Structure formats: C-alpha cells, structure tokens
Q: 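I'd like to ask you about the structure that follows.
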Number of protein chains: 2
Amino acid sequence: MSDIETPIKQPITGHDIEELETIELLFFAYRDFISDPDRILQNLGFGRAHHRTLYFVSRNPGMTVAELLSILKITKQSLARVLRQLIDSNYILQTEGKNDRRKRLLFVTEKGKDLVLALSQPQSNRIQNAFEATKPEAREQIIEFLNTMIGSQK
Amino acid sequence: MSDIETPIKQPITGHDIEELETIELLFFAYRDFISDPDRILQNLGFGRAHHRTLYFVSRNPGMTVAELLSILKITKQSLARVLRQLIDSNYILQTEGKNDRRKRLLFVTEKGKDLVLALSQPQSNRIQNAFEATKPEAREQIIEFLNTMIGSQK
DNA sequence: AAACTATGTCAGTAGTGTTGACATAGTTTT
DNA sequence: AAAACTATGTCAACACTACTGACATAGTTT
C-alpha cells in the first residue's frame, strides 16, 4: 500500500522514446498553431468553433449542415449556436438545396471570406516557415506523415 | 449592400494553397490523435487537461506547479481543479521542495505512471505508423518541421 | 398515408478555460 | 526584525464548447 504512494522519480520513457517526444512536439505545435487566429477571434467574440466552421464552409461551398457535422465530428446542437451566430452576423449564408429542399447549402459571404483569409494567414505563414526550415524533398513526406495520422487506428 | 449577401461559390484558395491544405491536415491529424486517449479518459471521468497534466509531470518528475503552468499556458485556477482531482485520486503526489519549502514538487505515482502509459500507447502507435509510412530519412525533417511550428511567430 | 431524412430548437449538464480578489506560508531584501 | 516578494491555493462568477435526450417541422421516399 505504501507502494501506491511512491513518487516515480525517473522520467517516463521506454523503447518508443522517439514517439513520446513527438507526442510532446505535436502538443506544442498545435497549441501555438491555434493561438494565432485565437487572438483575432477574441476581438469578434468568436471562438475556435467559429473558425473551423467558417474554414470548412469556405473550402467546400454549398456543403450541407450534415456534411459539416461529419467533418467536425461534433453534434448538431454544438454546431447550431455557432452556425446561428455566423449566419446572423453575415459571415455565412444558407440557401435551400435545389434537388432536396430540406437541405441547407452553406456559403461564406464576402465578409466571411475576408475573415477566413485573415484567420488563415498567420497559420499559412507558420506552415510556410516550417516548410522552409526543411529540405524541399521533405514536404511530400511531411504531408504523408500527417495523412497517415488521420483516421481510426487499426 | 447586396454585395454583402453574395454567396462565394468558389472554394477559398490562393497562392498558398499548399499551406491551406496543410492547415486542414493538421486539424484532422490532431483531432484523431487526441481521440484515442479521450476514450480511456472518459471512463475515468477525466478530460484532456488531466492527460496533459499527467503527461508532463511524468516526463518531468519533480517539476513545480509554476513550471507546469508555464508549459500548459493556462491559469493557476484552471490547473487547480485538475491537479486536485489527480492528487485526491492518487495519480499524482506532491512533496515539499527541499531548498524552497514553498514549492510543491510534482510526481506521478505508480498508478499515475500506468495511466500515462496506457494513454500514450495509442498515440505512440499512431505516430509509429505514420513514421513507417515515410522514408526513414524523413523523420528528422518531420521533427524539424514540428519544431519550427512552435513558438511565437516573427 | 406512413416512414424516413435534414434541419432546428429546447432544456439540462460537463469540462475547460477565463478574471479578479484574497489567504497563507516561506523566502529575500532592506 | 519588518517589509516586500514569491509559490501556492482557494473563492466566486462567468464564457465557450461540447454533450445527451427530447421534440418539432418541412420535405422526400416508400
């Protein structure tokens, strides 16, 4: 029982030390990557969810609410507030589907497009700098690495 | 004025299209990367903040609360709740600093170590798979890429 | 007409984060 | 020794993002 309260004084490590260090790297990289647009969003009273929504709609004009939900992997109720705010403040607009009038097709407005570009700019710059710090041949490999990180694990 | 309500029907793009695509890739990669341990945490009633706390303490045994705060970049009050829960449920323990008795040195317990390893395992596997999908020479470049992503932007 | 689909909304709750204020113990400076 | 500073902890109030479950409406498919 004293066993349970013994402090482990050595850093956790193991055979997969390189992977552990990469976990850390990913945490820091993502934290800082996301911090750039956060500052802009704060002035607008928006959060990260607004950013993501705006981003994916801008990249997939005319996408439906259901498609957006499946990309973001959040619930309808979580998206609802965010989407409402973006529509009410004229960053996004909805049109009825032509074939299926139940569907709401999502588009960014000019205002929305401007915001997306402003939000993405610091992130683009950050990525560009990071690409420039590596060999040109490495880009493809980095993209491959990230692609393999995606999806459910076998 | 009708201008403001014009839907933008073309996907946002630009000269930095590769960077835009990488933004997306990073979003998906991080989302899925973090989803593995999320499932384990849920069963314990913990969240991501618990994971991060446990992780950094395990990697830096004897770190102080202040050091942990500056790594996580959150406020003392945010950490307090999480740290209290981890201490109360015996995953982390505190000892007084030897030189400075105001400081609280943080350690994981055996129980804490076991949990960290369980949480990190799927992430390690994911990273390992991703590394294996790339050329061996690319590892170094990927790490360099991630490192350059970190920090405040010039 | 019935069943299903896409979307929207209501109410309640959880986790993580914030700010500001204040308390206590211990250390450093004067 | 008193004053100032530091490390930590805690209280209250609040914001954002997510969740679940239930229900409503309009439109489509069977």
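Note that the coordinates shown come from a computational prediction; the quantities given were computed from them, not determined experimentally. We name chains A, B, ... by the order of the sequence lines, and we start the count at 1 in each one.
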Q: Does any part of the side chain of A/Glu96, heavy atoms only, come nearer than 4.5 Å to the side chain of A/Lys103, both counted from C-beta?
A: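 Side chain of A/Lys103 against side chain of A/Glu96, heavy atoms only: no contact under 4.5 Å found.
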Q: What's the closest nucleotide to the B/Leu83 side chain, out of C/dA6, D/dG9, D/dT8?
A: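 Looking only at heavy atoms from C-beta outward on B/Leu83, the closest nucleotide is D/dG9.
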Q: Which distance, rounded to the nearest 0.5 Å, do you find between the NE2 of A/His50 and the CG of A/Leu41?
A: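 Output value for this atom pair is 8.5 Å.
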Q: Within this structure, what is the CZ-to-C1' distance between B/Arg81 and D/dA13, rounded to whole angstrom?
A: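 For the pair B/Arg81 CZ and D/dA13 C1', the rounded distance is 11 Å.
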Q: Rounding to 10 degrees, work out the angle separating the end axes of the helix from C/dA1-D/dT30 to C/dT30-D/dA1 (five pairs an end).
A: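 The helix from C/dA1-D/dT30 to C/dT30-D/dA1 shows an end-to-end axis angle of 20°.
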Q: Between C/dT18 and B/Thr75, is there an OP1 or OP2 to side-chain N/O distance shorter than 4.0 Å?
A: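 For C/dT18, OP1 or OP2 has a side-chain N or O of B/Thr75 closer than 4.0 Å.
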Q: Could you check whether atom CD of B/Gln10 has more than 12 heavy atoms from other residues, nucleotides or ligands sitting under 6.0 Å from it?
A: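 No, the 6.0 Å shell around CD holds no more than 12 heavy atoms from other groups.
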Q: Check the phosphate of C/dT18 against B/Ser78, side-chain N and O only, distance under 4.0 Å to OP1 or OP2. Yes or no?
A: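 Yes, because at least one side-chain N or O of B/Ser78 sits under 4.0 Å from OP1 or OP2 of C/dT18.
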Q: Find the distance A/Arg84:CZ to C/dC10:P and express it as a whole number of Å.
A: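 Atom CZ in A/Arg84 sits about 10 Å away from atom P in C/dC10.
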Q: Nearest-Å distance, CG (B/Leu79) to P (D/dG9)?
A: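 It is 8 Å, rounded to the nearest whole Å.
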Q: Can you check side chain to side chain contact (heavy atoms under 4.5 Å, CB included) on A/Ile23 and A/Leu20, steps first, answer last?
A: CA-CA 5 Å; A/Ile23 290 178; A/Leu20 278 179; 4.0 Å; yes
Q: Is there side-chain contact between B/Asn147 and B/Ile150, with heavy atoms separated by less than 4.5 Å?
A: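 Sidechains of B/Ile150 and B/Asn147: in contact.
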Q: OP1, OP2 of D/dG9 versus side-chain N and O of B/Gln94: anything below 4.0 Å?
A: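 Yes, within the criterion.
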Q: How many whole angstroms separate atom CG of A/Leu69 from atom P of C/dT9?
A: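 The distance from CG of A/Leu69 to P of C/dT9 comes to 14 Å, rounded to the nearest Å.
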Q: Under 4.5 Å between any side-chain heavy atoms of A/Tyr91 and A/Leu44, yes or no?
A: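 A/Tyr91 reaches A/Leu44 side chain to side chain.
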Q: Mind listing the residues from residues 35-53 of chain B sitting with a heavy atom below 4.0 Å of DNA chain D? Number order is fine.
A: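 Result for residues 35-53 of chain B: none.
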Q: Taking the nucleotide of DNA chain C with the nearest heavy atom to each, does A/Arg102 or A/Lys76 sit closer to the 5' end?
A: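 First, find each residue's nearest nucleotide; the 5'-ward one identifies A/Arg102.
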Q: Determine whether the aromatic ring centres of residues B/Phe56 and A/Phe28 are separated by less than 6.0 angstrom.
A: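 That pair passes the under 6.0 Å test.
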Q: Does CD belonging to A/Gln77 count more than 12 external heavy atoms closer than 6.0 Å?
A: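 Check passes, neighbour count above 12.
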Q: For A/Lys103 and D/dT28, give me the distance from atom NZ to atom P, rounded to whole Å.
A: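 In whole Å, D/dT28 P lies 11 Å from A/Lys103 NZ.
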Q: Ignoring hydrogens and geometry beyond distance, is the side chain of A/Gln77 in donor-acceptor contact with the base of D/dG21 at under 3.5 Å?
A: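 Yes.
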Q: Nearest of D/dG27, C/dT18, C/dG26 to any side-chain atom of B/Arg101?
A: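 Output: C/dG26.
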Q: In terms of side-chain heavy atoms of B/Ile74, which of D/dT28, C/dG17, C/dG8 is nearest?
A: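 The listed nucleotide nearest to B/Ile74's side chain is C/dG17.
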Q: What I want to find out is whether A/Lys135 reaches B/Glu137 closely enough, with some N-O distance under 4.0 Å, to be called a salt bridge.
A: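 No, A/Lys135 and B/Glu137 are not salt-bridged.
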Q: In whole Å, I'd like the distance from the CD atom of B/Glu67 to the C1' atom of D/dT6.
A: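 That distance rounds to 14 Å.
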Q: Just the rounded figure in Å: distance from P of C/dG17 to CD of B/Gln85.
A: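 Result: 12 Å.
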Q: Are any non-hydrogen side-chain atoms of B/Ile34 and A/Tyr30 less than 4.5 angstrom apart?
A: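 No; the side chains remain at least 4.5 Å from each other.
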Q: Between atom CD in A/Glu96 and atom P in C/dT7, what is the gap in whole Å?
A: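 After rounding, the gap between these two atoms is 12 Å.
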